[in-house]
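Here the structure is laid out as structure tokens; the discussion comes afterwards.
Predicted model, so just to flag it, every value in this text is computed and none were measured. Here is the naming used below: chain letters follow the sequence lines, and residue numbers restart at 1 for every chain.
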Number of protein chains: 2
Amino acid sequence: MKINNEDLKKMFYDKCAERGLKITPQRSVIFDELVKATDHPTADAIYKRVRKTLSNISFDTVYRTLLSFTELGLVNLVEGTGEQKRFEPNLRHHHHFRCIKCYTIYDFENDAYNDIAVPEAVQRQGVIINKRVVLEGICSRCKGK
Amino acid sequence: MKINNEDLKKMFYDKCAERGLKITPQRSVIFDELVKATDHPTADAIYKRVRKTLSNISFDTVYRTLLSFTELGLVNLVEGTGEQKRFEPNLRHHHHFRCIKCYTIYDFENDAYNDIAVPEAVQRQGVIINKRVVLEGICSRCKGK
DNA sequence: CACTATATAGTAATCATTACTATTTGTAAA
DNA sequence: TTTACAAATAGTAATGATTACTATATAGTG
């Protein structure tokens with residue numbers, strides 16, 4: 001199922017309306033850049049791309065907009081990024097459940113997950129050193145609040 | 001198979017010897033703290049813990065030591081952490097191959113991965129919103145260098 | 001078209017990370 | 001042992017990412 005640009009634009013308008021966010025040129029241009037992106041851009045990368053259209057947009061606007069788009073679910077944050085470096089003393093093969101509210105990481109072991117096969121296509125892209133399943137959600141502690 | 005503290009100490013000495021790293025009190029204490037840790041501490045958290053034993057150790061030493069331990073494989077870095085926030089415009093269910101050298105993230109789709117079951121134990125720990133397989137390794141581009 | 005809550009540009013403050021330097025120390029060889 | 005010196009450290013500074021602030025501008029409603 002292919003999602004076309006019309007659908008995306010509609011989603012953008014709907015989600016903004018839902019939360020009472022105004023449709024500004026800045027937000028529109030940032031959204032368009034996200035739709036075009038095939039990578040996982042940083043705020044600064046988006047800022048640079050957007051400035052080609054809106055030459056005097058501020059970094060702050062881009063950054064805040066990306067964060068609000070993330071809340072709206074128009075874009076996701078790649079797991080872990082933007083957090084402080086975290087060191088993992090547990091060297092056993094294990095997997096993660098991450099809470100997206102408090103950023104706590106819960107380790108768990110699972111044989112089925114350990115055994116997942118690496119797809120051919122990925123094997124051709126590089127050498128795999130580590131396989132991990134990352135489950136994201138809201139932990140019980142945060143759910144209670 | 002349980003790994004005991006003797007084995008860990010030996011691994012510490014061996015890995016340091018292998019790379020010509022001196023065994024300093026600072027490194028020993030930092031290693032001990034890592035072995036004790038059951039969480040995914042930040043450099044600052046380790047710094048605070050280590051200061052209880054070595055009250056005037058500098059943050060820089062802790063930080064550098066953690067990075068060198070990471071290179072030695074005595075500890076791992078939780079995927080993504082320490083990197084700039086990265087935004088993911090691709091809303092389709094997909095998975096990641098991350099290069100640990102250049103930090104590039106390659107998206108791929110895989111039905112088998114989409115269908116993995118969430119273990120009972122994890123379901124009790126919270127509500128799962130996203131399931132992703134994260135493969136880490138070295139991409140062809142970096143391998144060539 | 002006017003009003004007002006919201007958004008913006010420009011900039012400053014904060015925090016994490018990394019770099020630097022003078023001094024100290026682990027370790028190998030005498 | 002003692003000595004010599006490469007490597008490591010403490011203390012601190014520089015950099016870079018993120019977040020906060022404020023006066024001005026504007027989207028969208030009535």
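Here the side chain of A:Lys131 pairs a donor or acceptor atom with the backbone of A:Asn114 at under 3.5 angstrom. Here the side chain of B:Gln125 pairs no donor or acceptor atom with the backbone of A:Ser140 at under 3.5 angstrom. Checked by atom type and distance alone, the side chain of B:Thr65 never pairs as donor or acceptor with a backbone atom of B:Arg27 at under 3.5 Å.
Place B:Thr42 and A:Asn56 on DNA chain C by their nearest nucleotides, and A:Asn56 ends up nearer the 5' end.
Distance, A:Phe12 CZ to D:dA27 P: 13 Å, rounded to whole Å.
Each of B:Thr38, B:Asp44, B:Asp39 was checked for a side-chain contact (heavy atoms from CB on, under 4.5 Å) with B:Pro41, and the lone residue meeting it is B:Asp39.
Checking the phosphate oxygens (OP1, OP2) of D:dT9, no side-chain nitrogen or oxygen of B:Thr61 falls inside 4.0 Å.
Residues satisfying the ring pair (Phe, Tyr, Trp, His ring centres under 6.0 Å) test with A:Phe59, not counting sequence neighbours, are A:Tyr47, A:Tyr63.
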What is the per-nucleotide protein-contact pattern of nucleotides 20-30 of chain C, from the 5' end, where B denotes a base atom under 4.0 Å from a protein heavy atom, S denotes such proximity for sugar-phosphate atoms only, and - denotes neither?
B-----BS---

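When every heavy atom of B:Ser28 is checked against every heavy atom of B:Ile23, the shortest pair comes out as OG-CG2, 3.7 Å.
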Taking only N/O atoms, report every protein-nucleotides 13-17 of chain D pair under 3.5 Å with atom names and distance.
from	atom 1	to	atom 2	distance (Å)
D:dA17	OP1	B:Gln84	NE2	3.2

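Ion pairing between A:Arg92 and A:Glu109 holds under the 4.0 Å rule for side-chain N and carboxylate O.
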